[in-house]
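Please read the structure below before turning to the comments.
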Amino acid sequence: MMEKKQEAKQRTFTIDIDNGKPPASARPFRGLGMQADCYIYDEVNRQFGVNDADYDRWERRIGLLRPGLARVFLPTNEFNPSGDGVTYDWNTKELQWQLRNLAVLKKAGAHVNLCMGPWTNHLLFAPGTERLAVDLVEHLVRERGCDHIRWLSLFNEPDHFYSTGSAMNRELVARGFGEDRPLADYIEKHLRTLDLLDSRGLSGTVKLVVGDMAWPPARRQEWLERLAVAFEGRDVCYSFHHYAPDETQYDAFFTHPEAVMFRPPPLAQEIRRYRETVGADAELICWEFGVSAWGMGTATSGVGLHGEDHSGTFATAINHAKKVLTLLAEGVDGLSHWCVGDMFYRSGLQQGVMYFGLWRYKWEAWAPRPVYFYYAALLEAIRPGCRFRSLEGLPESVAGLMVTAADGAQTLVLLNHGPDTVKLNVPATGPAKRLRVSPERLPHQPDAPVHATAAGETPLRDWEPLAVGTGNIDVDPGELTLVSGGI
């Protein structure tokens, strides 16, 4: 056994880019991005010293990342403060924060999913209240120049409130994991919303999001099965959220009798089934994702297996990148990381800081977490409109994709998530360049806005020339490497 391991370490694996398979989606890729909310501008964050210089940094980082898509919360009480469902105030201070944030995202090139939840989820249960959401979208698109709004979500994680009525849902409700409003009411509300969007002339540009389910995996699948039937032939975006860690981790938790139904199946298998359920022609986007751990809650991803700061580890950044590559290989049309940066959200001091960000809060010097650099590299390589193909010949410890941009340029994306250096033969036939992200290669005292490279101000170090001829490269443990040009 030891001899085989030693042989694998010494072996050079030749990447086969010709016989890989495309994912099962027939739709154009919509992009990678993040939840990017406006609440960094509010009074609670100002109370903790966030100032205009901090806003400049925040906004500049979003511009550097160039997200292809973004999701934002905009609850009804920010434009209908009276709650009467009729009287709109388009000049509230909250809406001004929203407009500033939407302008930042538009400048960065992101298409936006406007989500009405979670704080006013309950206000949208009543029939007819979907009109508020459509009125808002119409105002923002036609009166405020927000033509980059491309999706509308009425609820955040509606599986907490609506039920399929199955035995699994009844058990979850009994254990406090959800409520039991009929799923038929949810479906009917969304069918009415589709009609409203169509009557306002918005259906050609703004797509309705259905689903957006959170936990557990079996309930996500059950919802998708019901929704695929209810919205067959309608151009909607099917959505789900995914925070589960790798299925091989946390066995002690998932084998507990009360947690069995929360145990995730192998990720590729799970996502493949989602795609099969909705069909190749449907849009399927993961509108919230991350990598959770012990003690995950609303504002924290939890702690690692040894009590470490989970969201700030290299292991989390590597698993995060692996999850991105797996979801893309299985046919997801877009991914939105939760969330852009640490901040107090609307619930403010009661909840505390949201500690899921790509960078830390002001009192930790806005320092980027390792996941920032890995995700920034993926954002740079994987742009809206690109196509994917799997790679053959890779060892088990390496995940990879061939990414073909809309202009035909190709990039190899390779992630060594194993413990040993891997030798690969890259089929580079012409001048190529390589970008390497790993624990040893991140800048010290990192601050993306002042880290200049030869190519301009980017969050990452320079691309380095890749010698043509042998094509052999070493990929270090934990390294994400991009090879572009001459492929």
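A quick note: this is a predicted structure, and the numbers were derived from the prediction, not measured.
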Going by atom types alone, do [X] and [Y] pair a side-chain donor with an acceptor below 3.5 Å?
{"X": "Thr481", "Y": "Arg434", "value": "yes"}
{"X": "Glu225", "Y": "Gln221", "value": "yes"}
{"X": "Ser239", "Y": "Asp212", "value": "yes"}
{"X": "Arg181", "Y": "Tyr186", "value": "no"}
{"X": "Asn113", "Y": "Arg30", "value": "no"}

Could you check whether [X] pairs with [Y] (Lys NZ or Arg NE/NH1/NH2 to Asp/Glu carboxylate O, under 4.0 Å)?
{"X": "Arg234", "Y": "Asp198", "result": "no"}
{"X": "Asp180", "Y": "Arg170", "result": "no"}
{"X": "Glu270", "Y": "Arg220", "result": "yes"}
{"X": "Arg200", "Y": "Asp135", "result": "yes"}

Between [X] and [Y] (side chain of the first, backbone of the second, donor and acceptor by atom type, cut-off under 3.5 Å), is there such a pair?
{"X": "Arg383", "Y": "Leu379", "value": "yes"}
{"X": "Thr76", "Y": "Thr120", "value": "no"}
{"X": "His148", "Y": "Leu102", "value": "yes"}
{"X": "Asp333", "Y": "Leu284", "value": "yes"}
{"X": "Arg389", "Y": "Gly20", "value": "yes"}
{"X": "Thr92", "Y": "Glu78", "value": "yes"}
{"X": "Thr300", "Y": "Tyr355", "value": "no"}
{"X": "Lys107", "Y": "Glu59", "value": "no"}
{"X": "Thr316", "Y": "Gly312", "value": "no"}
{"X": "Arg275", "Y": "Gly331", "value": "yes"}

Original post:
Do Val324 and His320 touch side chain to side chain, with heavy atoms closer than 4.5 Å?
Top reply: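 Of all side-chain heavy-atom pairs linking His320 with Val324, at least one is under 4.5 Å.
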
**OP:** Decide yes or no for Leu224 and Met213: does some side-chain heavy atom of the first lie under 4.5 Å from some side-chain heavy atom of the second?
**Re:**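 When only atoms from C-beta onward are counted, Met213 and Leu224 do touch, with a gap below 4.5 Å.
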
Between [X] and [Y], does the ring centre distance come in under 6.0 Å?
{"X": "Phe373", "Y": "Phe314", "result": "no"}
{"X": "Phe161", "Y": "Phe155", "result": "no"}
{"X": "His337", "Y": "Phe356", "result": "no"}

Original post:
With Trp58, which of Tyr39, Trp359, Tyr41 fulfils ring-ring contact (aromatic ring centres under 6.0 Å, His included)?
Top reply: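 That would be Trp359.
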
Value rounded to 0.5 Å, distance of [atom1] in [X] from [atom2] in [Y]:
{"X": "Arg192", "Y": "Arg131", "atom1": "CZ", "atom2": "CZ", "answer": "12.0 Å"}
{"X": "Leu183", "Y": "Trp223", "atom1": "CG", "atom2": "CH2", "answer": "5.0 Å"}
{"X": "Phe240", "Y": "Asp159", "atom1": "CZ", "atom2": "CG", "answer": "13.0 Å"}
{"X": "Leu95", "Y": "Leu136", "atom1": "CG", "atom2": "CG", "answer": "7.0 Å"}

Determine whether more than 12 heavy atoms belonging to other residues, nucleotides or ligands lie under 6.0 Å from atom [atom1] of [X].
{"X": "Arg387", "atom1": "CZ", "value": "no"}
{"X": "Glu232", "atom1": "CD", "value": "no"}
{"X": "Arg273", "atom1": "CZ", "value": "no"}

For [X] and [Y], work out which heavy atoms get closest and say how close.
{"X": "Lys189", "Y": "Pro127", "answer": "NZ-CA, 4.2 Å"}
{"X": "Ala381", "Y": "Thr411", "answer": "CB-CG2, 4.2 Å"}
{"X": "Pro384", "Y": "Gly68", "answer": "CG-CA, 3.8 Å"}
{"X": "Ser301", "Y": "Ser311", "answer": "OG-CB, 3.5 Å"}

**OP:** Apply side-chain contact (heavy atoms from CB on, under 4.5 Å) to Pro118 and list each qualifying residue two or more places apart in sequence or on a separate chain.
**Re:**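 Result, side-chain contact (heavy atoms from CB on, under 4.5 Å) vs Pro118: Phe73, Asn121, Asn156.
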
Original post:
Parallel, tilted or perpendicular: which fits the ring planes of Trp90 and Tyr88, with parallel below 30° and perpendicular above 60°?
Top reply: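 The rings of Trp90 and Tyr88 sit tilted, inter-plane angle from 30° to 60°.
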
